[in-house]
Each structure stands twice: as structure tokens, then as C-alpha cells.
**Q** 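Take this structure first; my questions come after.
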Amino acid sequence: MKNIEAKIEEAFRETFLLPREMTITGFLADVLSSKYKFREDDRKIEVISVYYYAQSPVSILFALPNYEYYSPDKTAYMDELNLKEHGFEDYTYTDVQELCKKVLDENHVHYETYLDENDLPDLSHFLESQSGIEISFLSTYWKKAKEQVHSKTLGFLESSDGAGGIYDLDNSYQLPFEIELDEYLRSHGFNFEKE
């Protein structure tokens, strides 16, 4: 079963994530190179929050100064990337199920006992963590963008609904819910001044 899961994950990456790589990396590079003026003043932004749309993590992204360190009152601009504006359609749970079905059929895997009410494969049996794959890819795009522009800015990924907690894009690490961002950064040797 692990082999077929790996094939489904690879198909998911190739179908839904890799085509978006250049657009997302370009957006993040623009964010990191200060193409957009976040604030009314000239204070350097060292910690960025990147928010993803909870229902579709690689369809809409927002970037802004992290409010733990920078006052929202001084934020003049929030960067937004809507991939529909770049020719990408959102993919749905059903789209992912159809892809899964295709891979299972191509590999002659019998999945009849794992069908949902729509006669599509129940993804919980074949795709362990779709959101984990998407978040990992966003972290990879972040790191590529940082390399492109030689940035030292730190980035943290959060879901638009707040349910996913905080994810360290630089270290590919999910912060435990009981750990505050400032405590986490101090434990890694960072001491940023708060407004």
C-alpha cells in the first residue's frame, strides 16, 4: 500500500503543485525583496506572516508583517497572490479523488471497499496528508525565494481560519500550540523588538 500512496502523492505534486511553483516562488521573492511597501514608515521587516486560504492552501496567499512584532495600525499594505489571476483553477477534494482513482486504476488496485458515497476513493486510505504535502511545498517555495533574493527574513505560515497553528517556513517545523512565536524565536537565538 505504501508504494501506491507514494505514486498518488507524486501524481498530486505533479498535477497540482509543480505547475504553481514559479508563480508562488516569484510572489514570495517579491515579498522578501521588499517590492511591496508593507508599512507607512521605513522600519525593516524581519518576520513575515504568510497566510493561506484554509480550504485550498495553494490557491490564495497573503503576506504581511507578523503582528506579534509589528503593529497592525502601521501596516499600509498586504501582499496577495490569487492564483486564478495567473491562470490556475482551484482544485477541489473531488479533483484529488479523481486523480487518486486514475492512479489506482492505472496500477490495477482494487479499491471498491474504500469508496465514499459518490463512488470515489476515500482519500484517507490513499493520501495520508494532503495539507502536509501542500505546506511542505510552500516551505520549499519560501526557501527557494529566500535563496533567489538572499533574504534573512523569517517566515511563518498560518491558515486563514487559524486552525492549523503556526508553521516555521525556514525550518519546516510545526510549532506546538502551547509555544508562543516569541518564545520559539528566542529559543533559536532571535530577539526581535516588538512595537
**Q** Which pairs with one or both residues in residues 42-68 pass salt bridge (charged side-chain N to carboxylate O under 4.0 Å, His left out), sequence neighbours excluded?
**A** Lys37-Asp42, Arg43-Glu195, Glu68-Lys194
**Q** Between Leu169 and Val50, what is the shortest heavy-atom contact and its length?
**A** CD1-CG2, 4.1 Å
**Q** Go through the structure and list residues passing salt bridge (Lys or Arg N to Asp or Glu O under 4.0 Å) with Lys143, not counting sequence neighbours.
**A** none
**Q** Scan residues 148-157 for pairs that pass salt bridge (charged side-chain N to carboxylate O under 4.0 Å, His left out), counting only residues two or more places apart or in two chains.
**A** none
**Q** To the nearest 0.5 Å, how far apart are CZ in Arg39 and CG in Asp41?
**A** 4.0 Å
**Q** Between Leu17 and Glu134, which heavy-atom pair has the shortest distance, and what is it?
**A** CD2-CG, 4.2 Å
**Q** Count the heavy atoms belonging to other residues, nucleotides or ligands that lie under 6.0 Å from CD of Glu193, then report whether that count exceeds 12.
**A** no
**Q** Centre-to-centre under 6.0 Å for Tyr70 and Phe38, is that the case here?
**A** no
**Q** If you compare all heavy atoms of Gln174 against all heavy atoms of Ile166, which two are closest, and at what distance to 0.1 Å?
**A** NE2-O, 3.2 Å
**Q** The test is salt bridge (charged side-chain N to carboxylate O under 4.0 Å, His left out); show your working for Lys144 and Glu21 and say whether it passes.
**A** CA-CA 10 Å; Lys144 285 183 180 183; Glu21 179 178 7; 2.2 Å; yes
**Q** Nearest 0.5 Å please: distance from the CD1 atom of Ile133 over to the CG atom of Leu138.
**A** 12.0 Å
**Q** Out of curiosity, Ser159 OG to Tyr51 OH, how far, rounded to the nearest 0.5 Å?
**A** 10.0 Å
**Q** Keeping Ser187 on the side-chain end and Tyr184 on the backbone end, is there a donor-acceptor pair under 3.5 Å?
**A** yes
**Q** Taking only residues two or more places apart in sequence or in another chain, which ones pass salt bridge (Lys or Arg N to Asp or Glu O under 4.0 Å) with Asp170?
**A** Lys146
**Q** Taking only residues two or more places apart in sequence or in another chain, which ones pass ring-ring contact (aromatic ring centres under 6.0 Å, His included) with Tyr77?
**A** Tyr36
**Q** Only counting residues at least two apart or in another chain, list the ones meeting ring-ring contact (aromatic ring centres under 6.0 Å, His included) with Tyr167.
**A** none
**Q** I need the full list of ring-ring contact (aromatic ring centres under 6.0 Å, His included) pairs touching residues 139-162, with sequence neighbours left out, sorted by first then second residue.
**A** Phe137-Tyr141
**Q** If every non-hydrogen atom of Thr15 is compared with every non-hydrogen atom of Arg20, which pair is closest and at what distance?
**A** O-NH1, 4.4 Å
**Q** Using a strict 4.0 Å threshold on nitrogen-to-oxygen distance, state whether Arg13 and Glu9 make a salt bridge.
**A** yes
**Q** Would you name the heavy atoms of Ala63 and Phe27 that are closest together and state the gap between them?
**A** CB-CZ, 4.2 Å
**Q** Which donor-acceptor pairs under 3.5 Å do side chains of residues 79-88 form with protein atoms, sequence neighbours excluded?
**A**
{"from": "Asn82", "atom 1": "OD1", "to": "Lys84", "atom 2": "N", "distance (Å)": "3.0"}

**Q** Going by ring-ring contact (aromatic ring centres under 6.0 Å, His included), name the residues that satisfy it together with Phe12, two or more places apart in sequence or in a different chain.
**A** Phe16, Tyr91
**Q** List for me each residue that meets ring-ring contact (aromatic ring centres under 6.0 Å, His included) alongside Tyr69, sequence neighbours excluded, and say none if there are none.
**A** Phe192
**Q** What distance separates Asn107 CG from Asn3 CG, expressed to the nearest 0.5 Å?
**A** 7.5 Å
**Q** Roughly how far, to the nearest 0.5 Å, is the NZ atom of Lys101 from the CG atom of Asp119?
**A** 8.0 Å
**Q** Restricting to salt bridge (Lys or Arg N to Asp or Glu O under 4.0 Å), what partner residues turn up for Asp30, sequence neighbours left out?
**A** Lys35
**Q** Rounded to the nearest 0.5 Å, how far apart are OH of Tyr173 and CG of Asp168?
**A** 9.5 Å
**Q** Give me each pair satisfying salt bridge (charged side-chain N to carboxylate O under 4.0 Å, His left out) with a member in residues 107-116, each pair once, sequence neighbours excluded.
**A** none
**Q** Which heavy atom of Tyr111 sits nearest to which heavy atom of Val109, and what is that distance?
**A** CD2-O, 3.1 Å
